[in-house]
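The figures that follow rest on heavy atoms only: side chains count, while hydrogens, waters and symmetry mates do not. All chains are named by letter (A, B, ...) in the order of the sequence lines, taking the proteins before the strands, and each is independently numbered beginning at 1.
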Number of protein chains: 2
Amino acid sequence: MSKADKSEVFTNVILEIFKLGGLLISEGDQLSKEYGTTSARWKVLGAIALADSPQTVSQIAKTMGLSRQAVQRLVDVISKEGLLEFRANPVHKKARLISLSDSGMDIYAKLDKKQVRWAKDNSLNFSKKDLQTTLSVLKDVSRQFEP
Amino acid sequence: MSKADKSEVFTNVILEIFKLGGLLISEGDQLSKEYGTTSARWKVLGAIALADSPQTVSQIAKTMGLSRQAVQRLVDVISKEGLLEFRANPVHKKARLISLSDSGMDIYAKLDKKQVRWAKDNSLNFSKKDLQTTLSVLKDVSRQFEP
DNA sequence: CTACAATTGACAACATATTGCCAACTTGGA
DNA sequence: TCCAAGTTGGCAATATGTTGTCAATTGTAG
């Protein structure tokens with residue numbers, strides 16, 4: 001009885017994630033528009049910026065939980081905009097190492113600054129405890145489905 | 001100090017939603033594959049099945065938080081598979097009313113049954129209280145961004 | 001009744017995600 | 001050292017989401 005109710009709540013969490021995901025992508029697109037980029041490309045910039053060292057496409061894709069091909073395409077288009085730098089990978093002849101160019105770092109810093117303000121503004125109505133619970137649950141759910 | 005930390009947690013929640021969203025779509029695709037459909041189409045079937053009365057494309061789109069055009073395309077392809085029925089709308093000559101056909105209801109019932117089992121299995125490790133907190137937070141976040 | 005704004009479906013272009021395929025490349029075991 | 005299995009980028013097809021445009025339709029105000 002109680003278990004059945006729990007799985008219904010679980011299902012509603014999932015439906016809400018689908019809905020909220022779309023809304024958040026729109027928000028990201030709005031935030032990044034001024035710098036001529038999109039939320040998907042911003043995510044790639046972020047994955048590169050936050051990595052400890054230059055990464056290959058394949059590594060970035062793993063970090064992001066996306067397919068390699070999706071990231072490859074995004075990297076290609078971001079690279080055309082001059083935001084990335086490539087160098088040879090001593091470990092693999094085909095898989096170059098990718099980092100942000102100077103202008104890539106510049107754009108990312110601006111986006112990040114804007115996002116921090118946005119997050120501050122939009123987290124006002126939530127308690128830290130609730131957000132931490134939410135994060136913990138979401139991470140545990142993710143873990144259940146990761147390949 | 002404490003506020004800055006909270007917005008970081010908020011940001012991490014958002015990143016986790018992006019990641020988990022992709023994983024859940026894959027799950028939905030796996031679950032629906034056996035009935036020759038996809039998670040996106042299943043969502044449309046669900047929106048129609050759960051509506052109190054037959055809906056127009058535009059109404060379904062509003063319920064789902066998607067664009068009208070996205071839903072139109074999905075409705076068209078689901079209709080080709082014989083899962084939908086259309087009838088005239090007394091209120092609007094162009095906007096037909098859509099409901100599930102007999103086989104549409106059959107497929108949806110099967111998918112729903114499968115999903116209930118899936119949700120039961122996958123909610124085992126979570127407390128009802130945590131899931132309720134999570135749902136509440138996610139809904140409140142959605143509310144902030146809805147048009 | 002008429003004019004205008006808003007809504008709706010149809011069609012299109014674009015962005016982004018997946019899976020599949022292939023050749024080049026790397027890794028690990030015999 | 002050699003070979004088979006696994007990984008990687010490049011290319012392609014498909015699915016799904018967005019925004020834009022247009023004509024048909026509806027709703028509202030004068």
Checklist outcome for this item: Ranking A:Lys93 and A:Arg41 by the position along DNA chain C of their nearest nucleotide, the one closer to 5' is A:Arg41
Checklist entry - Taking atom C1' of D:dG17 as reference, at what distance in whole Å does atom CG of A:Leu23 sit? => result 13 Å
Checklist entry - Taking atom P of C:dC14 as reference, at what distance in whole Å does atom CG of A:Asp29 sit? => result 17 Å
Item to check | Residue-phosphate contact under 4.0 Å: B:Thr38 side-chain N/O, D:dT16 OP1/OP2 | outcome: yes
Checklist entry - What's the CD-C1' distance between B:Glu27 and C:dT18, to the nearest Å? => result 15 Å
Item to check | Working for side chain to side chain donor-acceptor pair (under 3.5 Å), residues B:Asp29 and B:Thr38 | outcome: CA-CA 5 Å; B:Asp29 284 338; B:Thr38 63; 4.8 Å; no
Next on the checklist: Distance check needed: C:dT18 P versus B:Lys33 NZ, whole Å only.
Outcome noted: 14 Å
Item to check | Contact residues, residues 45-78 of chain A to DNA chain D [heavy atom, < 4.0 Å] | outcome: A:Thr56, A:Val57, A:Ser58, A:Lys62, A:Arg68, A:Gln69, A:Gln72
Checklist entry - Just wondering, are more than 12 heavy atoms of other shown residues or ligands nearer than 6.0 Å to NZ in A:Lys129? => result no
Item to check | Student check: side-chain heavy atoms of B:Asn122 and A:Gln144 closer than 4.5 Å | outcome: yes
Checklist entry - Between the axis at one end of the helix from C:dC1-D:dG30 to C:dA30-D:dT1 and the axis at the other (five pairs apiece), what's the angle to 10 degrees? => result 30°
Next on the checklist: So that I can tick it off, tell me whether B:Glu81 and B:Arg41 are bridged by a salt bridge, with the cut-off set at under 4.0 angstrom between side-chain N and carboxylate O.
Outcome noted: yes
Checklist entry - How many Å lie between CZ on A:Arg96 and C1' on D:dT8, as a whole number? => result 12 Å
Item to check | Spacing of B:Phe18 atom CZ relative to C:dA17 atom C1', expressed in whole Å | outcome: 14 Å
Next on the checklist: Strictly below 4.0 Å, N to O, side chains only: are A:Arg73 and A:Asp76 in salt-bridge contact?
Outcome noted: no
Item to check | Length of the CD1-C1' vector between B:Ile25 and D:dA15, whole Å | outcome: 11 Å
Next on the checklist: Which is more 5' along DNA chain C, the nucleotide nearest A:Pro90 or the one nearest A:Lys43? Just name the residue.
Outcome noted: A:Lys43
Item to check | Close side-chain approach of B:Met105 to B:Asp102, heavy-atom, < 4.5 Å | outcome: yes
Next on the checklist: Rounding to an integer number of Å, can you tell me how far A:Lys94 NZ sits from D:dG9 P?
Outcome noted: 8 Å
